[in-house]
Amino acid sequence: MNFIEELRWRGMLHDIMPGTEEALTKEKVAGYIGFDPTADSLHIGSLVQIMILLHFQRAGHKPIALIGGATGMVGDPSGKSKERNLLNKAEIDKNMAGIQVQLEKILDFSTTTENHAELVNNYDWFDGFSFIDFIRDVGKHISINYMLAKDAVKSRMETGLSFTEFSYPLIQGYDFFVLNRDKNCRIQLGGSDQWGNIVTGTELIRRLGGTEAYAATTPLITKADGSKFGKTEGGNVWLDRKRTSPYKFYQYWINASDEDAEKYIKIFTLKPKEEIDELIKKHQEEPHLRLLQKELARDITIRVHSEEDLETAIEASNILFGKSTSASLAKLSEEDFLAVFDGVPQSEVSFSKLDGGELLLSEIAVAETGFLPSNGEFRRALKENSFSLNKDKVSDDIPISKDHLVAGKYLLLQRGKKKYFIAKFA
RNA sequence: GGGGAGAUUCCAGAGCGGCCAAAUGGGGCAGACUGUAAAUCUGUUGCGAAAGCUUCGAAGGUUCGAAUCCUUCUCUCCCCA
């Protein structure tokens with residue numbers, strides 16, 4: 001199965017330029033995807049693009065990850081309704097370092113591999129490239145009419161668009177040209193919102209007499225219920241464990257709906273078609289086992305984090321969602337407790353507050369830890385029978401004593417099925 | 001520059017002197033059902049234990065009483081030039 005066929009059955013192909021498939025079949029080429037250094041970590045939206053590069057590499061081609069050190073300073077108007085804030089060089093450098101680590105985890109960068117992945121930064125060729133040179137050597141080849149026809153530009157004609165953002169496609173197009181010229185890069189991949197930018201590149205390459213260049217894009221990942229992919233109430237789901245703990249990361253995938261899980265397992269795992277078909281079939285026979293979600297979460301968590309992180313996440317999930325009760329919780333040592341609940345939000349409470357024996361549960365849940373925003377919210381939770389202390393439902397506001405503590409210093413608070421919080425007494 | 005419409009609790013959007021912490025819908029949260037899914041049904045959704053307190057773009061005013069009336073200001077949208 002060639003690269004494009006692979007993407008096609010996985011539902012990862014949105015648009016493709018004619019001739020791309022033939023060109024890729026004929027020879028092994030280099031291809032690239034750009035990543036914006038807007039944060040020091042990528043989130044799972046970018047994971048789609050990384051997977052694309054991984055497939056590309058597995059098909060024998062050479063993946064290039066371009067970090068937009070220069071373009072990050074300009075800002076891509078695609079899909080943005082407002083002018084973007086610009087980043088400075090120092091921020092971008094810091095962000096690049098973080099992103100690099102994440103890419104290296106997934107793609108094979110070892111130079112002993114013939115088609116090893118490569119990381120480039122477009123700042124390297126834009127630094128020192130004067131404005132005059134740029135508009136003379138590059139701008140000359142692309143007409144204003146061509147630029148104005150772009151959706152990203154058209155949709156901003158009403159609200160306004162700075163010259164800076166207007167020039168963006170041209171800058172990204174030049175990246176493609178440079179990679180084409182210097183690294184025989186023949187294809188640019190990316191999200192469907194990048195189509196306009198990508199074809200500006202192929203156009204530029206044609207005008208400047210490079211080798212034939214191609215393009216393919218991935219569809220926007222959606223969720224069946226219409227909410228945005230990769231978001232939770234806490235914000236984006238990041239690849240960086242400090243921003244999104246492995247436990248939360250694992251939980252994000254475990255919570256995917258059936259419909260989404262079928263889609264995601266094709267996109268985010270490398271499992272072959274037969275295995276996935278089999279999994280889907282089994283899942284439909286015994287949906288309550290949630291094989292799809294488990295396999296999906298397992299595979300991605302290992303790829304992004306590690307086997308150990310997965311084990312811990314599963315263990316934590318079993319305790320939090322399994323049949324476990326306060327009894328099994330009480331048996332945990334402090335070490336196990338901490339390891340298991342690593343990703344659960346925590347807050348410290350002064351141990352001495354327990355002394356009088358009059359510290360109420362509500363005070364801990366609201367004032368001391370901020371787990372719930374107000375006492376009203378706490379009362380509501382009691383009324384709904386949705387509040388648990390150490391896995392036991394609570395129906396009244398009770399005074400907390402040292403006897404309630406797990407491993408001598410923790411309280412496991414819970415609102416509803418999925419929201420946990422740990423109060424640590426120290 | 002001229003004329004008009006508007007700004008309401010997370011969002012949309014009613015209310016147009018007391019019955020308004022403010023209809024309704026959406027969203028959020030929770031409960032039931034389940035499979036940590038979807039759908040459905042139910043409850044809940046400013047703070048406060050309560051009395052009560054603080055909210056309806058901002059500041060003043062009228063009134064026993066204002067989201068509702070008046071004045072000024074700020075911002076948004078539409079039409080004409």
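All chains are named by letter (A, B, ...) in the order of the sequence lines, taking the proteins before the strands, and each is independently numbered beginning at 1. Keep in mind that what you see is a predicted model, and the values were worked out from it rather than measured.
The partner of rG43(B), taking Watson-Crick or G-U wobble pairs whose two distances both stay under 3.5 Å, is rC29(B). Under the Watson-Crick or G-U wobble criterion, with both distances below 3.5 Å, rG18(B) is paired with rC64(B). Of all nucleotides present, only rG4(B) satisfies the Watson-Crick or G-U wobble test against rC77(B), with each distance under 3.5 Å. Nucleotide rA37(B) has no partner under the Watson-Crick or G-U criteria, as no pair reaches both atom distances under 3.5 Å. The partner of rU24(B) is rA12(B), judged by Watson-Crick or G-U wobble contacts that both fall below 3.5 Å.
The nearest whole Å value for the distance from the CG atom in N385(A) to the P atom in rC33(B) is 11 Å. As rounded to whole Å, 21 Å separates atom P of rA39(B) from atom NE2 of H288(A). Q414(A) places its CD atom 10 Å from the P atom of rA30(B), with the value rounded to the nearest Å. The interatomic distance linking K223(A) (NZ) with rA39(B) (C1') rounds to 16 Å, in whole Å. Following rounding to the nearest Å, E285(A) (CD) and rG35(B) (C1') show an atom-to-atom distance of 16 Å.
Between F126(A) and F129(A), the two ring planes are parallel [angle under 30°; tilted spans 30° to 60°]. Classification of the F378(A)-F387(A) ring pair by plane angle, with boundaries at 30° and 60°, yields perpendicular.
Closest approach of F176(A) and C185(A) over heavy atoms only: CE1-O, 3.9 Å.
When distances are taken from the side chain of N255(A) to each of rU36(B), rU34(B), rA37(B), the shortest belongs to rU36(B).
For Y252(A) and Y264(A), the gap between ring centers reaches or exceeds 6.0 Å. Side-chain rings of F321(A) and Y250(A) stay apart, their centers remaining 6.0 Å or farther from each other.
Side-chain nitrogen and oxygen atoms of K393(A) include none within less than 4.0 Å of the OP1 or OP2 phosphate oxygen of rA30(B).
For rC41(B) and rC33(B), the C1' atoms lie 9 Å apart once the distance is rounded to whole Å.
Across all strands shown, E259(A) has no heavy atoms under 4.0 Å from either base or sugar-phosphate atoms.
Across residues 290-301 of chain A, R290(A), Q293(A) each have a non-hydrogen atom less than 4.0 Å from an atom of RNA chain B (numbered order).
Between the side chain of K417(A) and the base of rU34(B), a donor-acceptor pair under 3.5 Å is found.
Counted within 6.0 Å of NZ on K282(A), heavy atoms from surrounding residues, nucleotides or ligands total 12 or fewer; the atom is thus considered open.
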Query raised in the report: How does each nucleotide of nucleotides 41-50 of chain B score, in 5' to 3' order, for protein heavy atoms under 4.0 Å: base (B), sugar-phosphate only (S), or none (-)?
Result: --BSS-SSS-
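The residues K266(A) and D277(A) are annotated as not salt-bridged, no charged nitrogen and carboxylate oxygen being separated by less than 4.0 angstrom.
Of the residues near RNA chain B, S257(A) and A381(A), the one whose nearest nucleotide (by heavy atom distance) lies more toward the 5' end is A381(A).
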